[in-house]
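Each ligand, and each atom within it, is numbered from 1 in the order the structure gives. Only a predicted model underlies this, so the values are computations on that prediction, with no experimental measurement involved.
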Amino acid sequence: MIQKIKIAVDGHSSCGKSTLAKELAKELGYLYIDSGAMYRAITLFAIRKNLDQNTFQEIIPLLKEINLSFKKTNSGAYSIHLNGENVEDEIRRKPVANAVSRIAEIKEVRNKLVIEQRKFGKNGGIVMDGRDIGSVVFPNAELKLFITADVDIRTNRRYLEMTQKGVSLSKEEVRKNLMERDHIDSNRKESPLIKVKEAVEINNSNLNKKEQLNLVLKIVKETISNLS
Ligand code: DC
């Protein structure tokens with residue numbers, strides 16, 4: 001039987017990691033987990049509780065009240081549920097996007113989520129995307145990818161995605177949010193975004209989704225055949 005591996009997909013904000021990870025999991029018949037959605041759902045919980053957004057430290061004693069789960073929708077995609085409520089759409093909106101990096105800096109938040117993320121991967125056959133998957137969550141992942149793209153290209157892609165969803169914002173706002181998140185994610189004390197030395201780096205600025213997926217499927221095949 002072909003071995004079911006763990007695939008860690010890390011990289012910058014809005015470089016298409018989730019799209020790639022989702023398609024890859026579908027092709028391979030693996031579980032897909034969007035770890036960013038978990039940070040976003042905790043952020044939504046904190047916003048709804050009106051916590052002080054400067055530090056969000058008040059979230060720490062409330063973490064035990066938060067239960068996160070992924071449920072399959074009719075379209076076959078997974079949606080994140082916060083204490084039983086489907087919040088997949090709400091976590092993509094501006095208030096959460098603007099605050100999530102500050103929640104992701106908190107050690108206690110990260111500890112809780114890393115424990116949950118590791119449970120999803122205990123039997124292999126998983127693609128998980130995020131910032132610390134190859135470095136912290138699955139340091140033993142058989143394949144680690146580090147995805148990036150030029151900032152102008154990422155801005156255009158995110159702008160298009162948001163405007164298609166009916167969110168009104170300027171390109172400058174999108175670019176500022178991306179750059180701020182990259183800065184915080186890469187410079188925070190707890191589990192910063194890094195490219196671990198064994199990760200395969202893919203800059204997808206000049207690749208379309210199909211080309212990128214085919215490239216990664218080739219890498220997966222090679223990785224699995226090198227294991228046996
Ligand atoms: O992938 P995303 O844009 O949905 O992630 C939202 C935020 O969560 C992002 O600013 C970084 C943080 N994050 C993290 O710190 N670690 C992860 N494994 C995933 C996301």
Short N-O contact, [X] and [Y], less than 4.0 angstrom:
| X | Y | value |
| --- | --- | --- |
| D182 | R154 | yes |
| R188 | D185 | yes |
| E180 | K176 | yes |

Pair S14, R158: side-chain N/O donor-acceptor within cut-off below 3.5 Å: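 Yes, R158 and S14 have a side-chain donor paired with an acceptor closer than 3.5 Å.
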Donor-acceptor side-chain pairing of R157 and N204 below 3.5 angstrom: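 Judged by distance alone, the side chains do pair up.
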Residues in contact with ligand 1, criterion: heavy atom under 4.0 Å: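 Shell around ligand 1 (4.0 Å, heavy atoms): S35, G36, Y39, R40, V100, S101, A104, R110, G130, R131, D132, I133, R181, D185, R188.
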Test salt bridge (charged side-chain N to carboxylate O under 4.0 Å, His left out) applied to R118 - qualifying residues, sequence neighbours left out: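 Here no residue qualifies.
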